Amino acid sequence: MIRETHANHPPEVPASGSAAAASAPRRGRPAPSVPVPDGPRPADTGDTGRDAEAITGLLPGPAGAAPFYLVHPVGGSLLCYLPLARALAARHPVRGIASPLLSGRPAPDELSELAERYAGWIAADTRGPCLVGGWSFGGAAAFETAARLAARGRTVDLLVLLDATPPGSWTGPLDDDTLARQFLYEVRRMSGVSDAEARAGHAADPLGAAVREMAAVDPDADEEETYRRFAAFRRHARSLTGHRPVRRHPGPALVVDTEPVGGAGGRGDAWLPHLAGPVHRLRLPTDHFGLMGAAPASAVAAAVDRARTGA
């Protein structure tokens with residue numbers, strides 16, 4: 001069963017700013033003045049148990065309510081989720097999983113292995129039902145994480161896919177220069193500029209430009225932090241290459257779509273073959289990056305309530 005909802009409100013982009021709770025811990029091995037190549041890496045223990053730094057409490061919610069876990073997008077930070085966390089906190093404690101790479105910890109190369117790690121962290125963090133969701137790459141990671149929680153016998157009340165990157169859709173060159181230019185584009189879009197403005201001009205040094213322009217997104221992100229985020233972006237983007245889900249998600253899901261702009265948006269149909277439970281759909285009149293704004297966040301929170309109550 002698929003239920004569709006369309007919401008009408010003006011497009012919106014995320015407000016700039018920073019919050020300590022949304023930033024991954026910034027300790028561990030400092031980033032060099034230029035990004036390091038992908039290998040070799042620190043030893044990865046594969047431990048899926050409790051990790052004191054693994055899950056960040058974004059906002060508290062009602063006592064006893066099912067927690068909502070938001071999985072980081074491709075750049076690894078949780079900052080983009082603050083408007084959504086505020087909208088969800090009336091009914092759920094909101095917790096986030098930032099990329100371990102931002103704090104100098106190892107992370108698997110494969111998305112399936114990363115999701116197994118995240119499922120272990122969530123299973124150690126709560127014994128009851130939970131909600132799991134994510135935006136863009138974070139949606140793909142949330143899907144895999146929720147499927148693994150279900151395989152462990154844990155109850156995922158709702159999987160929320162926020163314009164999530166569909167399986168097999170990440171194509172094209174994945175060399176450092178191409179990814180650096182895409183990283184700069186995403187930094188610019190998160191600062192609030194349009195798709196056309198973000199693509200305008202040719203940066204001879206896209207990472208240097210990203211360092212300079214990151215302040216408009218997160219004033220606390222210095223050069224080292226920006227390079228950490230690019231390293232996470234690069235690793236997680238490459239983890240999507242050739243990835244295909246090996247199981248369907250058995251529980252209910254909310255699929256949130258946006259308008260197709262800049263190669264993203266309007267991708268919800270691609271997820272339907274991978275969802276075995278009831279599917280609720282929401283389409284918002286904004287683009288991929290605008291989805292993280294305050295007005296779309298309120299619409300998503302309302303859709304979560306409807307999906308959970310069956311309205």
Side-chain angles (χ1 to χ4, degrees), residues 1-5 46-52 54-73 78 81 84-85 87-98 111-135 137-162 164 166-167 245-256 268 271-282 297 300-311:
M1 179 180 66
I2 300 176
R3 297 185 178 182
E4 297 201 25
T5 304
D47 179 20
T48 58
R50 184 176 298 276
D51 186 318
I55 293 178
T56 299
L58 296 178
L59 285 174
F68 198 129
Y69 295 90
L70 292 168
V71 182
H72 65 84
L78 301 172
Y81 288 135
L84 181 58
L88 293 169
R91 297 191 184 275
H92 304 279
V94 185
R95 300 167 188 169
I97 299 179
L111 180 56
S112 57
E113 295 176 15
L114 191 68
E116 186 66 39
R117 176 77 52 83
Y118 293 171
W121 289 346
I122 292 173
D125 190 65
T126 184
R127 296 185 178 181
C130 65
L131 296 82
V132 181
W135 170 63
F137 168 89
F143 171 88
E144 293 292 348
T145 300
R148 282 159 176 75
L149 283 167
R152 291 169 178 248
R154 308 302 290 267
T155 300
V156 179
D157 278 352
L158 188 67
L159 167 67
V160 180
L161 301 177
L162 300 165
V246 297
R247 66 193 85 182
R248 301 173 75 196
H249 176 65
L254 170 63
V255 178
V256 180
W271 282 104
L272 298 183
H274 306 288
L275 303 172
V279 177
H280 303 261
R281 301 197 67 176
L282 174 67
V300 169
V304 168
D305 286 346
R306 291 194 297 271
R308 296 197 72 208
T309 59

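Since we're looking at a predicted model, the values are computed, not measured.
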Test side chain to side chain contact (heavy atoms under 4.5 Å, CB included) applied to Val255 and Leu282, step by step: CA-CA 6 Å; Val255 178; Leu282 174 67; over 6 Å; no
Stepwise side chain to side chain contact (heavy atoms under 4.5 Å, CB included) test for Arg95 and Asp125: CA-CA 10 Å; Arg95 300 167 188 169; Asp125 190 65; 2.8 Å; yes
Worked check of side chain to side chain contact (heavy atoms under 4.5 Å, CB included) between Phe68 and Cys130: CA-CA 6 Å; Phe68 198 129; Cys130 65; over 6 Å; no
Test log, rule side chain to side chain contact (heavy atoms under 4.5 Å, CB included), inputs Leu88 and Leu84: CA-CA 6 Å; Leu88 293 169; Leu84 181 58; 3.7 Å; yes
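Within a 6.0 Å sphere centred on CZ of Arg91, other residues, nucleotides and ligands contribute 12 heavy atoms or fewer.
Interatomic distance, Leu159 CG to His280 NE2, rounded to the nearest 0.5 Å: 11.5 Å. The NE2 atom of His92 sits 10.5 Å away from the CG atom of Leu70 when rounded to the nearest 0.5 Å. Rounding to the nearest 0.5 angstrom, the gap separating the OG1 atom in Thr155 from the CG atom in Leu131 is 11.0 Å.
Side-chain atoms of Leu78 and Ile97, non-hydrogen and from C-beta on, never get closer than 4.5 Å to each other. Taking the side chain as every heavy atom from C-beta outward, His274 and Pro167 approach each other to under 4.5 Å. Val132 places none of its side-chain heavy atoms less than 4.5 Å from the side chain of Val160. In this structure, the side chains of Arg152 and Glu116 come closer than 4.5 Å at one or more pairs of heavy atoms. For the pair Val156/His249, a side-chain contact is recorded, criterion being any heavy-atom separation below 4.5 Å from C-beta on.
Aromatic pair His72/Phe137: ring centres closer than 6.0 Å.
Heavy-atom minimum distance, Ala164 versus Gly139: CB-CA, 3.6 Å. Between Ala301 and Ala87 the shortest heavy-atom distance is CB-O, 3.6 Å. Between Leu254 and Leu158, the shortest heavy-atom contact is N-CD1, 3.9 Å. Closest heavy-atom contact between Pro273 and Arg248: O-NE, 3.1 Å. Heavy-atom minimum distance, Ala115 versus Ala141: CB-O, 4.3 Å. Among all heavy-atom pairs drawn from Pro93 and Ala65, the shortest one is CD-O, 3.7 Å.
The aromatic rings of Phe143 and Trp271 lie tilted to each other, with the angle between the two planes from 30° to 60°.
Within the 3.5 Å criterion, the main-chain N or O of Ala150 finds no donor-acceptor partner in the side chain of Arg154. Counting only distance, with no hydrogens or angles, the side chain of Tyr81 and the backbone of Val94 share no donor-acceptor pair below 3.5 Å.
Using a cut-off of 4.0 Å between Lys/Arg side-chain N and Asp/Glu carboxylate O, Arg117 and Glu113 are scored as not salt-bridged.
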